[in-house]
Amino acid sequence: MTTSTTSQRSGLSSTALALIPIAIAINVALGQLVQSVLKLPIYLDSIGTVLVGVLLGPLAGAITGVLANVIWGLTLAPSALPFAAVAAVIGLIAGYARQYGAMQVWWKMALAGVITGVVAAAISAPIAAYVFGGVTGAGTDVLVAIFQNFGASVLGASFMQGAVSDPLDKTITYLIVWAIISALPKRLLARFGVHDK
Amino acid sequence: MQRTGLFIERAGFLQRLNPLTKGTGAVLLIGMTFLLPAPLTGAILLPGVLLPLAFASLVASRFLDVLVKTLLPVLISLALVQGLFFPTADPTTIAIGPLLFRRAGLQFALDTGSRLLIVAGAPLLLFQTTHPGTLVQALIQSGMPRSIGYILLVALQLIPAISERAVGVAEAQRARGLETEGNVLRRVRGVLPLVSPLIVGALVEAEERAMAIEARAFNAPGPKTWLRDIPDPRAEQIVRIGMLAALGALIVWRVATLFS
């Protein structure tokens with residue numbers, strides 16, 4: 001059965017078409033749940049993006065990231081739109097992480113999480129600094145204030161805030177995705193093109 | 001389709017326009033806030049353009065409500081963080097109550113805040129006056145890949161259902177003894193039991209959906225027909241070209257002034 005017949009224009013298989021919207025909804029739903037039920041100082045709003053990147057590759061991951069932020073903007077918070085570029089890169093890195101064999105062992109996934117976190121911090125800093133003046137109205141604004149008080153510029157403080165929060169958040173995200181995929185039956189994974197893991 | 005995101009069903013001015021015209025307008029407004037001097041644009045564009053449009057479209061109260069709710073925490077945080085901790089050589093301070101604000105910091109907060117009102121307000125008004133289905137259809141008809149439009153619409157419909165499922169999973173796990181309160185470590189341990197049922201369910205559901213997509217020949221080549229017609233009068237097309245030309249001229253002017 002050739003289930004991965006791709007549409008020529010966009011290169012997305014029917015599996016990707018089916019999984020990406022669900023992954024986007026999981027991003028938004030989990031982001032809210034983690035903050036309202038568990039009240040943790042992490043976001044976990046890119047689990048769906050990393051999942052798609054790891055399962056279906058860089059392109060599908062990037063599309064998931066961008067559209068998740070667009071949808072977020074469409075439904076709840078228009079201010080999520082400027083960060084769509086960051087989400088795209090997160091999905092892209094997740095896709096390449098799998099190609100480099102990150103799924104083989106847990107520590108490679110953790111490493112991919114740290115790298116993703118640093119890159120995400122580097123890209124979101126200029127957006128946070130120039131569009132939002134360094135603050136987003138969240139608890140992490142305290143970090144920005146502290147770094148500025150030690151003499152950092154608005155851009156520098158924004159980056160340092162991200163450099164503290166993002167690697168932690170993304171490492172946890174990658175490890176969760178690794179733990180879940182490792183426990184899945186092979187038959188289900190084969191559907192997403194994961195044979196060797 | 002009730003409560004699809006921000007959209008409010010009203011018969012106002014913006015609701016009659018083609019989504020592409022509104023989208024181009026929003027892009028032009030956001031471009032202006034970054035190309036023109038900062039406090040000016042926010043002070044003029046919000047009361048001068050966005051608010052009249054919101055009133056003409058009969059969504060003014062909801063528009064202001066959402067704008068205030070999403071931006072007020074950001075604006076307060078902006079004034080406090082930058083007013084108190086802005087890195088500046090300018091020693092001028094302003095005392096407000098017991099707090100000593102730096103003048104340059106408050107100026108920075110005012111500039112960024114006024115910009116932010118437009119950056120968040122313009123898309124907000126677009127989404128409040130445009131049904132997501134109409135917006136996506138207009139985008140597909142003007143060249144966006146059909147698969148991207150499909151993903152956007154399905155995700156919009158799925159978010160309430162998945163959110164509900166997430167809350168259900170949390171309650172079920174709590175009933176089985178999972179602790180979602182207490183210290184941080186205890187709450188971190190709760191993440192995996194909450195997340196894994198959601199992800200596994202998503203993968204199983206995706207498999208079924210993929211079969212449905214194939215059974216309906218979504219990826220089949222050839223022209224498609226549309227159920228609805230979105231009017232796009234000549235006048236609006238001309239307005240769109242005018243707005244894009246204005247944006248282009250602004251960018252050229254800004255780049256030219258940077259190097260002079």
Side-chain angles (χ1 to χ4, degrees), chain A residues 3 5-10 12 14-15 17-26 28-30 32-34 37-40 44 47 51 63 67 70-71 73-75 77-79 81-82 131-137 141 144-145 148-149 151-154 172 176 179-180 183-184 188 191-192, chain B residues 5-6 70-71 73-74 77-78 81-82 84-87 108-109 112-113 115-116 119-120 123-124 127 132 145 147-148 150-152 154-156 158-159 161-163 165-167 170 180 184 187-188 190-192 194-196 198-200 202-207 209-210 213-214 218-219 221:
Chain A
T3 45
T5 324
T6 50
S7 103
Q8 292 307 312
R9 272 165 302 164
S10 61
L12 287 178
S14 50
T15 312
L17 280 179
L19 184 60
I20 292 173
I22 306 179
I24 292 172
I26 285 181
V28 177
L30 263 186
Q32 287 171 336
L33 187 76
V34 167
V37 176
L38 293 178
K39 299 185 185 67
L40 288 171
L44 294 188
I47 284 192
L51 180 79
I63 290 176
L67 295 187
V70 170
I71 293 273
L74 273 162
T75 50
S79 45
L81 274 176
V131 180
F132 295 93
V135 305
T136 52
D141 288 357
V144 174
Q148 282 192 13
N149 202 30
S153 66
V154 178
I172 294 176
I176 289 175
I180 294 171
L184 285 177
L188 189 59
R191 174 84 200 188
F192 300 97
Chain B
L6 297 166
T70 49
L71 280 191
V74 185
S77 193
L78 189 64
V81 172
Q82 299 306 351
L84 295 172
F85 301 106
F86 189 70
F108 177 84
T112 311
R115 207 171 255 162
L116 214 50
V119 170
L124 175 65
F127 297 145
S147 51
I148 302 292
Y150 171 84
I151 291 171
L152 277 173
V154 173
L156 272 172
L158 278 179
I159 285 174
I162 302 264
S163 289
R165 197 188 295 173
V167 174
T180 55
V184 174
R187 278 177 283 150
V188 169
V191 171
L192 201 58
L194 286 186
V195 176
S196 51
L198 276 183
I199 305 263
V200 175
L203 293 174
V204 172
E205 200 183 315
E207 195 182 13
R209 267 176 188 273
I213 289 169
E214 278 156 33
F218 181 90
N219 282 330

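This one's a predicted model, so the numbers in the text were calculated from it and none came from an experiment. The chains referred to below are lettered A, B, ... by the order of the sequence lines, with proteins before strands, and numbering in each begins at 1. Values below: every heavy atom of this structure, side chains too, minus hydrogens, waters and symmetry copies.
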Next item on the list: Find the distance between CD1 (B:Ile151) and CD1 (A:Ile63) and round it off to the nearest 0.5 Å.
Entry: 6.0 Å
Next item on the list: Measure the spacing between CD of B:Glu205 and CG of A:Leu19 and express it to the nearest 0.5 Å.
Entry: 10.0 Å
Next item on the list: Any chance you could lay out the side chain to side chain contact (heavy atoms under 4.5 Å, CB included) test for B:Leu156 and A:Ile24, step after step, and finish with the verdict?
Entry: CA-CA 9 Å; B:Leu156 272 172; A:Ile24 292 172; over 6 Å; no
Next item on the list: Using the test side-chain contact (heavy atoms from CB on, under 4.5 Å), find all partners of A:Ala25 that sit at least two apart in sequence or belong to another chain.
Entry: B:Leu158, B:Ile159, B:Ile162
Notebook entry, point to check: If you take all heavy atoms of A:Gln148 and B:Val81, which pair is closest and at what distance?
Noted result: OE1-O, 4.2 Å
Check: Hey, which of A:Gly151, A:Pro21, A:Ser153 has the most heavy atom pairs under 4.5 Å with chain B?
Finding: A:Pro21
Note to self: Under 4.5 Å from any heavy atom of chain B, what part of A:Leu184 do you find: side chain, backbone, both or neither?
What the structure shows: side chain
Check: Which residues satisfy the side-chain contact (heavy atoms from CB on, under 4.5 Å) test with A:Ile172, sequence neighbours excluded?
Finding: A:Ile42, A:Leu44, A:Leu168, A:Ile176
Next item on the list: Measure distances from A:Leu188 to the heavy atoms of chain B and classify the residue's part below 4.5 Å as side chain, backbone, both or neither.
Entry: side chain
Check: Using a cut-off of under 4.5 Å for heavy-atom pairs, which of B:Leu84, B:Val154, B:Ile199 has the most such pairs with chain A?
Finding: B:Ile199
Note to self: Does any backbone or side-chain atom of A:Ala183 lie under 4.5 Å from a heavy atom of chain B? Answer side chain, backbone, both or neither.
What the structure shows: neither
Notebook entry, point to check: Does B:Glu214 use its side chain to pair, donor to acceptor, with the backbone of A:Ser14 at less than 3.5 Å?
Noted result: no
Checklist line | Shortest non-hydrogen contact between B:Ala210 and A:Ala18, atoms and distance | finding: N-CB, 3.5 Å
Next item on the list: Identify which of B:Ala155, B:Ser196, B:Ala161, B:Ala170 forms the greatest number of heavy-atom pairs closer than 4.5 Å to chain A.
Entry: B:Ala155
Next item on the list: Heavy-atom pairs under 4.5 Å with chain B are the metric here; pick the option from A:Ala29, A:Ala145, A:Ala152, A:Ala179 that has the most.
Entry: A:Ala145
Margin query: Heavy-atom cut-off 4.5 Å, strictly under: side chain, backbone, both or neither for B:Leu194 against chain A?
Written below: side chain
Checklist line | Toward chain B, the part of A:Ile26 with a non-hydrogen atom under 4.5 Å | finding: both
Next item on the list: Rounded to the nearest 0.5 Å, what's the gap from CZ on B:Phe127 to CG on A:Leu81? Could you check?
Entry: 5.5 Å
Next item on the list: Could you tell me which portion of B:Leu203 (side chain, backbone, both or neither) has an atom closer than 4.5 angstrom to a non-hydrogen atom of chain A?
Entry: both
Notebook entry, point to check: So, for B:Leu116 and A:Phe132, which heavy atoms are closest and what is the spacing to 0.1 Å?
Noted result: CD1-CD2, 3.5 Å
Next item on the list: Measure the spacing between CD1 of B:Ile148 and CG of A:Leu67 and express it to the nearest 0.5 Å.
Entry: 5.5 Å
